[in-house]
Every structure is written in structure tokens, then in C-alpha cells.
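Worksheet for the structure shown next.
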Amino acid sequence: MCGRIAVIASPEETAAFVGIGELESFPPRYNVAPTQPILVVMAGPQRPPGSNLPDRMAMLARWGLIPAWTKNPADMPLLFNARSESAIEKASFKTAMRHRRALIPVSGFYEWKKLPGNRRQPYWLRPRKGGLVALAGLMETWSEPGGSEIDTAAILTTGASADILHIHDRMPVVIQPEDFARWLDCRTQEPRDVAELMRPAQPDFFEQIPVSEMVNKVANVGPEIQDRVEPLPEAAPERAAKPKVEKRKSSDDGQMKLF
DNA sequence: CCAGACGTTGTT
DNA sequence: GTCTGG
DNA sequence: CCAGACGTTGTT
DNA sequence: GTCTGG
């Protein structure tokens with residue numbers, strides 16, 4: 001799945017990667033969580049033939065898609081992911097899937113591996129070749145009862161590729177640069193035409209870096225949260241190497257008596 | 001027809 | 001346990 | 001995704 | 001808004 005991302009490339013690098021002329025300046029963000037603004041790239045408005053107008057546009061959207069028909073967002077869970085296998089038919093995603101497919105350029109994402117004993121080992125995953133990666137996304141504009149509009153977005157997920165499975169069974173959908181135009185072209189490409197793009201990334205596309213639990217806290221936003229650490233041991237902690245002394249007096253059964 | 005849901009992940 | 005906030 | 005809150009009345 | 005369930 002994908003519930004935390006990092007966006008640390010420069011605006012210039014990001015603009016070049018997604019085929020946009022220019023982007024407003026923004027700082028590197030090492031720890032971006034749902035509900036926060038993320039950069040979303042979409043196909044631009046239709047152009048007359050030979051026009052110089054850009055064919056792509058970028059915008060900020062709240063990470064957490066709110067379907068257009070939503071009356072009260074509090075009634076919905078936070079839709080920061082959408083399952084690619086079913087998004088075409090789900091009420092919450094189908095219109096966005098048809099009309100508002102998007103790319104979300106990131107430097108990488110974080111994934112948590114569950115270990116025995118409620119422990120979790122976070123990993124930072126970034127493209128092995130370096131640079132940026134484009135995640136498949138959906139955009140939806142929600143109109144508040146008051147009248148103002150909020151742009152929102154979700155990241156599509158698919159099954160994890162083989163090398164990622166030991167961490168988690170889901171991962172974000174990655175769109176390769178040669179497929180950007182087709183993915184974004186909602187005019188001529190029906191959802192079923194781009195379904196084959198929503199597949200697990202090529203194995204070993206991502207480098208997996210175990211990182212400390214610093215990333216857990218959204219308030220930690222510095223580059224040090226991506227420092228490699230020794231991962232927690234896979235096995236449950238060694239049990240009773242030094243057996244604990246029985247704490248209770250033998251005469252006490254340890255049960256609280258209610259009366 | 002109207003009422004009510006509309007979601008992901010993970011876990012059992 | 002469940003919801004909200006980031 | 002994870003972390004942290006989760007409440008009322010009344011008074012300043 | 002659109003689909004499902006009754």
C-alpha cells in the first residue's frame with residue numbers, strides 16, 4: 001500500500017520528469033502523510049491543433065480523495081489509496097478513474113513491515129536508478145456545502161512485486177515515463193484501455209532501506225528519517241533467557257475480588 | 001419504488 | 001476500541 | 001500510514 | 001451521482 005511518501009527532488013527536476021514547463025518552488029518534503037497537500041499532474045485542457053498551450057497541468061490536492069457526491073466527508077473513511085483491481089467499478093472512484101487520472105511524482109514512499117509482537121519495521125523505498133517515480137493517482141474536486149472547492153487525490157495500489165512481498169502485499173501503481181501520455185489521456189483512453197498499466201512494478205525497481213521509527217511521527221520531517229538502520233530482528237525477542245521471578249505471593253491467587 | 005451505501009488495510 | 005489530525 | 005485523543009461544567 | 005438490497 002502507500003500511506004506515506006517523500007518528495008525531495010527539486011521543482012526543476014520534477015517539472016522535467018513529468019513534462020511540465022515550470023513549477024512553483026517548493027521545499028523538499030521527507031515525510032508526507034495523508035490529508036497533506038501533494039503535487040498532482042493531469043492532462044491539460046483540450047488544445048486547438050498546433051496550439052502552444054501546455055498539454056499537462058500540475059496542482060496541489062489534499063491526499064485523501066473525497067467523491068464529488070459526498071455530503072459529509074466525516075462519514076467516509078480517508079480514501080488515500082484506491083485498489084486498482086476494483087477502482088473501475090467502485091462508486092467512489094469510477095468517475096475519477098474515467099475522467100481524472102493523474103500522476104503523482106514522488107522520490108519514494110514508506111512501507112511498514114509487521115513483525116511478531118506488534119512491532120513494525122519501516123522501510124524507505126526509492127527507485128534503484130535514482131530520481132523520481134510517477135505513482136498512478138486519481139483526482140476529484142469536492143464542493144463544500146459552503147460553495148468552496150477542494151481538490152483531492154488518491155494513490156492507486158496493486159499487488160506487491162516479488163521483492164517487496166516480504167514487507168507488504170500491496171504497493172503503489174508505478175507508471176513508466178513512456179506510458180505517461182496514455183495514462184493521462186482520459187479523452188481517448190477508457191479505463192479498460194489503461195488497465196494493463198496498473199500492474200506491479202518490475203521486481204527490483206525499488207531499493208528497500210530499513211529506517212528508524214522516526215518516520216512514524218509526522219512531525220519528524222528531516223532527511224535523517226531516511227538514514228539506514230539495522231532492521232529489527234525478524235524473530236520475536238528472546239523469551240525468558242533469564243526467567244522472571246514469580247512476583248505474586250504464593251498465598252495470593254492474583255484475582256481481584258469484586259465483593 | 002425508496003433507503004442506504006459508497007473504502008483500504010490488516011487481522012481473524 | 002475508534003475516531004481525528006497530520 | 002502512525003500518533004494521539006477520547007469530556008463536562010463553569011469560570012476567568 | 002450511482003449502485004445494491006429489500
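Labels below follow one simple rule: chain letters A, B, ... track the order of the sequence lines, proteins then strands, and each chain is numbered from 1.
Looking at A/Ile66, A/Thr95, A/Asp151 one by one, the single match for side-chain contact (heavy atoms from CB on, under 4.5 Å) with A/Glu140 turns out to be A/Thr95.
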>> Would A/Asn216 and A/Trp112 count as a side-chain hydrogen bond (donor to acceptor under 3.5 Å, both in side chains) here? Give the steps.
In response: CA-CA 9 Å; A/Asn216 292 8; A/Trp112 281 258; 2.8 Å; yes

> What's the verdict on ring-ring contact (aromatic ring centres under 6.0 Å, His included) for A/Phe206 and A/Tyr123, showing C-alpha distance, side-chain angles and the deciding distance?
Replying inline: CA-CA 11 Å; A/Phe206 289 103; A/Tyr123 285 82; over 10 Å; no

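Rounded to an integer number of Å, the gap from A/Asn216 CG to D/dG4 P is 10 Å. In this structure, CE of A/Met76 is placed 6 Å from C1' of B/dG7, rounded to the nearest angstrom. Remark: P of C/dC3 and CZ of A/Phe80 are 15 Å apart, rounded to the nearest angstrom. For the pair A/Glu85 CD and B/dT9 P, the computed distance is 8 Å after rounding to whole Å.
Between D/dC1 and B/dT9, the distance separating the two C1' atoms is 10 Å to the nearest Å. For the P atoms, the distance linking B/dT8 with E/dT4 amounts to 15 Å, nearest Å.
Across all strands shown, E/dC3 is found opposite B/dG4 as a Watson-Crick or G-U wobble partner, with both distances under 3.5 Å.
Residue ring and base: A/Trp69 counts as stacked with B/dC6 (centre distance below 5.5 Å, interplanar angle below 30°).
Using the six-membered ring where Trp is involved, A/Trp124 and A/Tyr110 have ring planes that are tilted, between 30° and 60° apart.
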